[in-house]
Amino acid sequence: MQPISYSRAADTATAVAAVSADPTSDFLAGGTTEIDLLRQNVLHPRRLVDINHLPLAGVEPTPEGGLRIGALARMSEVAASPLVRERFPLICQALELGASAQLRHMASMGGNLLQRVRCSYYRDARSPCNKRDPGTGCSAREGFSRGHAVLGASEHCIAAHPSDVAVALMAVDARVHTLGPQGERAYAFDDFFLLPGDSPHREHPMEHGELITAIEVPAMPLARHSLYLKVRDRESYEFALTSVAAALSLVDGTIADVRVALGGVATKPWRARRAEDFLIGARAIPENFDQAARAELAAARPTPMNAFKVELTRRAVVRALQTLTGDGTGSPA
Ligand code: SF4
(Lines give C-alpha, C1' and ligand atoms only; values in the text may rest on other atoms or scores of the structure.)
Protein backbone atom coordinates (compact mmCIF):
# COMPACT_ATOMS: atom_id res chain seq x y z
CA MET A 1 0.00 0.00 0.00
CA GLN A 2 1.33 3.43 -0.89
CA PRO A 3 1.77 6.17 1.76
CA ILE A 4 -1.33 8.29 2.40
CA SER A 5 -1.34 11.74 3.95
CA TYR A 6 -4.07 12.46 6.47
CA SER A 7 -5.62 15.75 7.54
CA ARG A 8 -8.69 17.05 9.37
CA ALA A 9 -10.50 19.98 7.78
CA ALA A 10 -11.51 22.86 10.02
CA ASP A 11 -14.94 23.21 8.43
CA THR A 12 -17.06 21.90 5.56
CA ALA A 13 -15.97 24.50 3.02
CA THR A 14 -12.30 23.81 3.77
CA ALA A 15 -12.86 20.07 3.35
CA VAL A 16 -14.51 20.59 -0.03
CA ALA A 17 -11.76 22.97 -1.15
CA ALA A 18 -9.02 20.54 -0.09
CA VAL A 19 -10.45 17.52 -1.92
CA SER A 20 -11.54 19.52 -4.98
CA ALA A 21 -8.02 20.84 -5.44
CA ASP A 22 -6.38 17.41 -5.44
CA PRO A 23 -7.66 14.64 -7.76
CA THR A 24 -5.74 12.04 -5.73
CA SER A 25 -7.59 12.91 -2.51
CA ASP A 26 -10.79 11.65 -0.95
CA PHE A 27 -13.05 12.29 2.03
CA LEU A 28 -12.88 9.96 5.04
CA ALA A 29 -16.09 9.52 7.06
CA GLY A 30 -16.97 6.23 8.83
CA GLY A 31 -14.42 4.42 6.67
CA THR A 32 -16.37 1.17 6.59
CA THR A 33 -16.06 0.93 2.81
CA GLU A 34 -13.06 3.15 2.15
CA ILE A 35 -10.63 1.35 4.47
CA ASP A 36 -11.63 -2.07 3.12
CA LEU A 37 -10.98 -0.92 -0.43
CA LEU A 38 -7.63 0.62 0.49
CA ARG A 39 -6.54 -2.68 2.00
CA GLN A 40 -7.76 -4.56 -1.06
CA ASN A 41 -5.77 -2.29 -3.36
CA VAL A 42 -8.95 -1.17 -5.17
CA LEU A 43 -8.80 2.52 -4.22
CA HIS A 44 -5.53 4.46 -4.27
CA PRO A 45 -6.00 7.92 -2.74
CA ARG A 46 -2.80 9.71 -1.80
CA ARG A 47 -4.56 11.97 0.65
CA LEU A 48 -7.52 11.50 2.99
CA VAL A 49 -9.41 14.44 4.47
CA ASP A 50 -11.17 13.35 7.65
CA ILE A 51 -14.62 14.92 7.92
CA ASN A 52 -15.89 13.07 10.99
CA HIS A 53 -15.81 16.09 13.28
CA LEU A 54 -17.76 18.39 10.92
CA PRO A 55 -21.22 19.52 12.13
CA LEU A 56 -23.14 17.34 9.68
CA ALA A 57 -24.72 14.80 12.04
CA GLY A 58 -28.14 14.56 13.67
CA VAL A 59 -31.73 13.98 12.61
CA GLU A 60 -34.12 16.94 12.66
CA PRO A 61 -37.79 17.37 11.81
CA THR A 62 -38.55 19.83 9.02
CA PRO A 63 -41.38 22.36 9.48
CA GLU A 64 -43.38 20.57 6.77
CA GLY A 65 -43.34 17.24 8.63
CA GLY A 66 -40.38 15.57 6.96
CA LEU A 67 -36.82 14.89 8.07
CA ARG A 68 -33.39 16.30 7.53
CA ILE A 69 -30.76 13.64 8.16
CA GLY A 70 -27.18 14.85 8.47
CA ALA A 71 -24.73 13.14 6.14
CA LEU A 72 -22.54 12.17 9.11
CA ALA A 73 -25.41 10.78 11.21
CA ARG A 74 -24.52 7.18 11.96
CA MET A 75 -26.83 4.42 10.75
CA SER A 76 -27.56 3.33 14.34
CA GLU A 77 -28.38 6.90 15.40
CA VAL A 78 -30.96 7.28 12.63
CA ALA A 79 -32.43 3.83 13.26
CA ALA A 80 -32.92 4.68 16.95
CA SER A 81 -34.60 8.04 16.31
CA PRO A 82 -38.22 8.05 17.59
CA LEU A 83 -38.99 10.63 14.92
CA VAL A 84 -37.83 8.36 12.12
CA ARG A 85 -39.51 5.34 13.69
CA GLU A 86 -42.85 7.16 13.89
CA ARG A 87 -42.86 8.90 10.52
CA PHE A 88 -40.83 6.52 8.35
CA PRO A 89 -40.70 2.98 9.82
CA LEU A 90 -39.37 1.59 6.53
CA ILE A 91 -36.18 3.65 6.99
CA CYS A 92 -35.61 2.25 10.50
CA GLN A 93 -36.27 -1.30 9.36
CA ALA A 94 -33.90 -0.99 6.39
CA LEU A 95 -31.15 0.36 8.64
CA GLU A 96 -31.59 -2.32 11.28
CA LEU A 97 -31.45 -5.05 8.64
CA GLY A 98 -28.22 -3.69 7.17
CA ALA A 99 -24.64 -4.68 8.04
CA SER A 100 -23.78 -5.51 11.68
CA ALA A 101 -24.29 -3.56 14.90
CA GLN A 102 -20.61 -2.56 14.91
CA LEU A 103 -20.74 -1.30 11.32
CA ARG A 104 -24.00 0.56 11.94
CA HIS A 105 -22.32 2.46 14.79
CA MET A 106 -19.50 3.54 12.47
CA ALA A 107 -21.06 3.97 9.05
CA SER A 108 -22.41 7.37 8.09
CA MET A 109 -25.61 7.94 6.14
CA GLY A 110 -23.79 9.81 3.39
CA GLY A 111 -21.22 7.04 3.13
CA ASN A 112 -23.98 4.46 2.95
CA LEU A 113 -25.29 6.07 -0.25
CA LEU A 114 -21.77 6.07 -1.72
CA GLN A 115 -20.77 2.54 -0.71
CA ARG A 116 -19.24 0.53 -3.52
CA VAL A 117 -20.58 -2.66 -5.01
CA ARG A 118 -19.96 -6.07 -3.46
CA CYS A 119 -19.09 -7.75 -6.76
CA SER A 120 -16.14 -9.98 -5.87
CA TYR A 121 -14.40 -9.13 -9.16
CA TYR A 122 -14.53 -5.43 -8.34
CA ARG A 123 -12.77 -6.19 -5.07
CA ASP A 124 -10.14 -8.42 -6.66
CA ALA A 125 -7.60 -6.04 -8.24
CA ARG A 126 -6.36 -8.85 -10.55
CA SER A 127 -9.75 -9.37 -12.25
CA PRO A 128 -10.96 -7.36 -15.25
CA CYS A 129 -13.67 -4.97 -14.07
CA ASN A 130 -15.08 -1.98 -15.96
CA LYS A 131 -16.18 -0.33 -12.76
CA ARG A 132 -12.73 -0.41 -11.16
CA ASP A 133 -10.61 -0.13 -14.32
CA PRO A 134 -12.70 1.24 -17.23
CA GLY A 135 -12.34 -0.67 -20.48
CA THR A 136 -10.96 -3.90 -19.02
CA GLY A 137 -14.22 -5.87 -19.28
CA CYS A 138 -16.77 -7.35 -16.91
CA SER A 139 -15.68 -10.62 -15.30
CA ALA A 140 -19.11 -11.23 -13.80
CA ARG A 141 -20.92 -11.58 -17.13
CA GLU A 142 -19.32 -14.95 -17.78
CA GLY A 143 -18.38 -15.59 -14.17
CA PHE A 144 -20.14 -15.91 -10.82
CA SER A 145 -23.23 -13.72 -10.92
CA ARG A 146 -25.65 -15.20 -8.38
CA GLY A 147 -25.89 -11.95 -6.39
CA HIS A 148 -25.90 -9.60 -9.35
CA ALA A 149 -28.58 -7.36 -10.84
CA VAL A 150 -31.48 -8.36 -13.06
CA LEU A 151 -32.73 -4.78 -13.58
CA GLY A 152 -30.83 -1.78 -14.91
CA ALA A 153 -27.74 -3.73 -16.02
CA SER A 154 -25.71 -3.13 -19.16
CA GLU A 155 -23.24 -5.25 -21.09
CA HIS A 156 -20.52 -3.33 -19.25
CA CYS A 157 -21.63 -4.00 -15.65
CA ILE A 158 -24.26 -6.08 -13.85
CA ALA A 159 -23.33 -5.36 -10.22
CA ALA A 160 -26.24 -4.90 -7.80
CA HIS A 161 -26.40 -1.80 -5.62
CA PRO A 162 -25.70 -2.99 -2.08
CA SER A 163 -27.51 -0.47 0.16
CA ASP A 164 -30.69 -1.25 2.09
CA VAL A 165 -31.54 2.20 3.40
CA ALA A 166 -31.11 3.75 -0.05
CA VAL A 167 -34.00 1.55 -1.21
CA ALA A 168 -36.24 2.88 1.57
CA LEU A 169 -35.17 6.46 0.81
CA MET A 170 -35.90 5.89 -2.88
CA ALA A 171 -39.45 4.88 -2.00
CA VAL A 172 -40.12 8.11 -0.08
CA ASP A 173 -38.75 10.60 -2.65
CA ALA A 174 -35.71 11.69 -0.62
CA ARG A 175 -33.35 14.38 -1.90
CA VAL A 176 -29.57 14.50 -1.51
CA HIS A 177 -27.99 17.84 -0.59
CA THR A 178 -24.35 18.49 -1.41
CA LEU A 179 -21.69 21.16 -1.23
CA GLY A 180 -19.14 21.21 -4.02
CA PRO A 181 -16.69 23.55 -5.72
CA GLN A 182 -19.65 25.08 -7.60
CA GLY A 183 -21.65 25.60 -4.39
CA GLU A 184 -24.73 23.86 -2.97
CA ARG A 185 -26.80 21.40 -5.00
CA ALA A 186 -29.82 19.18 -4.39
CA TYR A 187 -30.49 15.97 -6.30
CA ALA A 188 -33.71 14.00 -6.58
CA PHE A 189 -32.88 10.57 -5.21
CA ASP A 190 -33.49 8.79 -8.50
CA ASP A 191 -31.11 11.19 -10.27
CA PHE A 192 -28.40 10.70 -7.66
CA PHE A 193 -27.75 7.08 -8.74
CA LEU A 194 -26.61 6.50 -12.32
CA LEU A 195 -27.27 3.38 -14.35
CA PRO A 196 -24.02 1.69 -15.47
CA GLY A 197 -24.58 2.16 -19.22
CA ASP A 198 -21.18 2.32 -20.92
CA SER A 199 -19.50 4.09 -17.98
CA PRO A 200 -20.08 1.93 -14.87
CA HIS A 201 -17.16 3.58 -13.07
CA ARG A 202 -19.37 6.69 -12.75
CA GLU A 203 -22.01 5.92 -10.13
CA HIS A 204 -23.19 9.41 -9.14
CA PRO A 205 -23.49 12.79 -10.89
CA MET A 206 -21.28 14.52 -8.30
CA GLU A 207 -17.98 16.04 -9.32
CA HIS A 208 -14.72 15.33 -7.51
CA GLY A 209 -14.68 17.15 -4.17
CA GLU A 210 -18.46 17.42 -3.90
CA LEU A 211 -19.61 16.35 -0.44
CA ILE A 212 -23.02 15.07 0.68
CA THR A 213 -24.18 17.33 3.52
CA ALA A 214 -27.70 16.03 4.22
CA ILE A 215 -30.52 13.78 3.11
CA GLU A 216 -33.92 15.42 3.07
CA VAL A 217 -37.04 13.29 3.37
CA PRO A 218 -40.25 15.13 2.47
CA ALA A 219 -43.40 14.84 4.57
CA MET A 220 -45.29 11.70 3.55
CA PRO A 221 -48.17 10.62 5.82
CA LEU A 222 -48.43 7.49 3.69
CA ALA A 223 -45.02 6.37 5.00
CA ARG A 224 -46.33 5.90 8.54
CA HIS A 225 -47.76 2.66 7.15
CA SER A 226 -44.69 1.24 5.49
CA LEU A 227 -42.21 -1.60 5.68
CA TYR A 228 -38.89 -2.90 4.40
CA LEU A 229 -38.75 -6.60 3.58
CA LYS A 230 -35.32 -8.13 3.03
CA VAL A 231 -34.64 -11.65 1.74
CA ARG A 232 -31.10 -13.00 2.15
CA ASP A 233 -29.14 -16.21 2.50
CA ARG A 234 -28.82 -15.87 6.29
CA GLU A 235 -30.66 -13.82 8.87
CA SER A 236 -27.95 -11.32 9.81
CA TYR A 237 -24.92 -9.55 8.37
CA GLU A 238 -25.76 -10.38 4.79
CA PHE A 239 -26.66 -8.44 1.66
CA ALA A 240 -30.09 -8.72 0.11
CA LEU A 241 -30.87 -11.25 -2.59
CA THR A 242 -33.94 -9.10 -3.03
CA SER A 243 -35.71 -6.49 -0.94
CA VAL A 244 -38.87 -4.43 -1.07
CA ALA A 245 -39.59 -1.03 0.47
CA ALA A 246 -43.29 -0.26 0.36
CA ALA A 247 -45.82 2.24 1.70
CA LEU A 248 -49.51 2.15 0.95
CA SER A 249 -52.85 3.78 1.78
CA LEU A 250 -56.29 2.30 1.20
CA VAL A 251 -59.75 3.78 0.77
CA ASP A 252 -62.55 1.21 0.99
CA GLY A 253 -60.25 -1.59 -0.09
CA THR A 254 -58.84 0.32 -3.06
CA ILE A 255 -55.23 1.50 -3.22
CA ALA A 256 -55.32 5.29 -3.04
CA ASP A 257 -51.54 5.79 -2.99
CA VAL A 258 -48.52 3.51 -3.00
CA ARG A 259 -44.73 3.54 -3.12
CA VAL A 260 -42.61 0.53 -4.03
CA ALA A 261 -38.82 0.30 -4.41
CA LEU A 262 -36.62 -2.76 -4.89
CA GLY A 263 -33.13 -3.62 -3.62
CA GLY A 264 -30.60 -6.38 -4.25
CA VAL A 265 -31.85 -6.89 -7.82
CA ALA A 266 -30.89 -3.69 -9.62
CA THR A 267 -27.80 -1.66 -10.42
CA LYS A 268 -29.26 1.24 -8.41
CA PRO A 269 -31.93 1.51 -5.74
CA TRP A 270 -34.91 0.74 -7.96
CA ARG A 271 -38.15 2.68 -7.88
CA ALA A 272 -40.84 0.28 -9.12
CA ARG A 273 -42.92 2.83 -11.01
CA ARG A 274 -44.58 0.29 -13.30
CA ALA A 275 -45.81 -1.60 -10.27
CA GLU A 276 -47.02 1.62 -8.66
CA ASP A 277 -48.87 2.68 -11.80
CA PHE A 278 -50.63 -0.67 -11.91
CA LEU A 279 -51.59 -0.56 -8.23
CA ILE A 280 -53.02 2.95 -7.90
CA GLY A 281 -56.80 2.64 -8.10
CA ALA A 282 -56.68 -1.18 -8.03
CA ARG A 283 -58.31 -3.39 -5.40
CA ALA A 284 -55.86 -4.42 -2.67
CA ILE A 285 -55.95 -8.13 -3.44
CA PRO A 286 -53.08 -10.60 -3.95
CA GLU A 287 -53.89 -11.05 -7.64
CA ASN A 288 -53.28 -7.36 -8.26
CA PHE A 289 -50.08 -7.38 -6.18
CA ASP A 290 -48.89 -10.26 -8.34
CA GLN A 291 -49.76 -8.45 -11.57
CA ALA A 292 -47.97 -5.32 -10.36
CA ALA A 293 -44.82 -7.30 -9.57
CA ARG A 294 -44.93 -9.01 -12.95
CA ALA A 295 -45.31 -5.64 -14.69
CA GLU A 296 -42.17 -4.36 -12.98
CA LEU A 297 -40.17 -7.51 -13.57
CA ALA A 298 -41.02 -7.74 -17.26
CA ALA A 299 -37.86 -5.70 -17.85
CA ALA A 300 -35.64 -8.14 -15.92
CA ARG A 301 -32.64 -9.53 -17.81
CA PRO A 302 -31.13 -12.18 -15.53
CA THR A 303 -28.10 -14.37 -16.06
CA PRO A 304 -28.54 -18.15 -15.82
CA MET A 305 -27.12 -17.92 -12.29
CA ASN A 306 -29.46 -15.28 -10.90
CA ALA A 307 -32.71 -16.01 -12.74
CA PHE A 308 -34.15 -17.17 -9.41
CA LYS A 309 -34.18 -13.53 -8.29
CA VAL A 310 -37.04 -12.72 -10.66
CA GLU A 311 -39.41 -15.20 -9.03
CA LEU A 312 -38.08 -14.40 -5.55
CA THR A 313 -38.74 -10.70 -6.11
CA ARG A 314 -42.24 -11.33 -7.45
CA ARG A 315 -43.04 -13.25 -4.27
CA ALA A 316 -41.39 -10.63 -2.04
CA VAL A 317 -43.46 -7.80 -3.58
CA VAL A 318 -46.67 -9.76 -3.06
CA ARG A 319 -45.71 -10.61 0.50
CA ALA A 320 -44.76 -7.03 1.36
CA LEU A 321 -48.03 -5.64 0.02
CA GLN A 322 -50.07 -8.38 1.67
CA THR A 323 -48.36 -7.61 4.96
CA LEU A 324 -49.10 -3.90 4.62
CA THR A 325 -52.75 -4.58 3.88
CA GLY A 326 -53.04 -6.91 6.87
CA ASP A 327 -53.33 -10.01 4.74
CA GLY A 328 -49.77 -11.31 4.91
CA THR A 329 -47.53 -12.82 7.51
CA GLY A 330 -46.03 -10.71 10.26
CA SER A 331 -48.21 -7.59 9.88
CA PRO A 332 -46.06 -4.61 10.97
CA ALA A 333 -48.82 -2.15 11.72
FE1 SF4 B 1 -16.91 -5.02 -12.44
FE2 SF4 B 1 -19.52 -4.50 -12.61
FE3 SF4 B 1 -18.55 -6.53 -13.94
FE4 SF4 B 1 -18.61 -6.64 -11.28
S5 SF4 B 1 -20.36 -6.58 -12.61
S6 SF4 B 1 -16.91 -7.25 -12.63
S7 SF4 B 1 -18.30 -4.49 -10.74
S8 SF4 B 1 -17.99 -4.37 -14.27
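Atoms within a ligand are numbered from 1 in the order they appear, just like the ligands themselves.
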TODO: Keeping to residues at least two apart or across chains, list the ring-ring contact (aromatic ring centres under 6.0 Å, His included) pairs with something in residues 155-179.
DONE: His161-Phe193
Open item on the list: Hydrogens and angles aside, do Ser145 and Asn306 bring a side-chain donor and acceptor to less than 3.5 Å of each other?
Closed with: no
Open item on the list: Using a strict threshold of under 4.0 Å (side-chain N to carboxylate O), is an ion pair present between Asp173 and Arg259?
Closed with: yes
Task: Thr178 and Tyr187 side chains, donor-acceptor separation under 3.5 Å - done: no
Open item on the list: Under 2.8 Å from atom 2 (Fe) of ligand 1, which protein N, O or S atoms do you find? Ignore water molecules.
Closed with: Cys157 SG
- [ ] Please could you name the atoms of ligand 1 that Ser139 approaches to less than 4.0 Å, counting only its heavy atoms?
- [x] 6 (S)
Open item on the list: I'd like to know if the side chain of Thr254 pairs up with that of Asp252 as donor and acceptor (distance under 3.5 Å, no hydrogens or angles considered).
Closed with: no
Task: Pair Arg294 + Asp290, salt bridge at N-O below 4.0 Å - done: yes
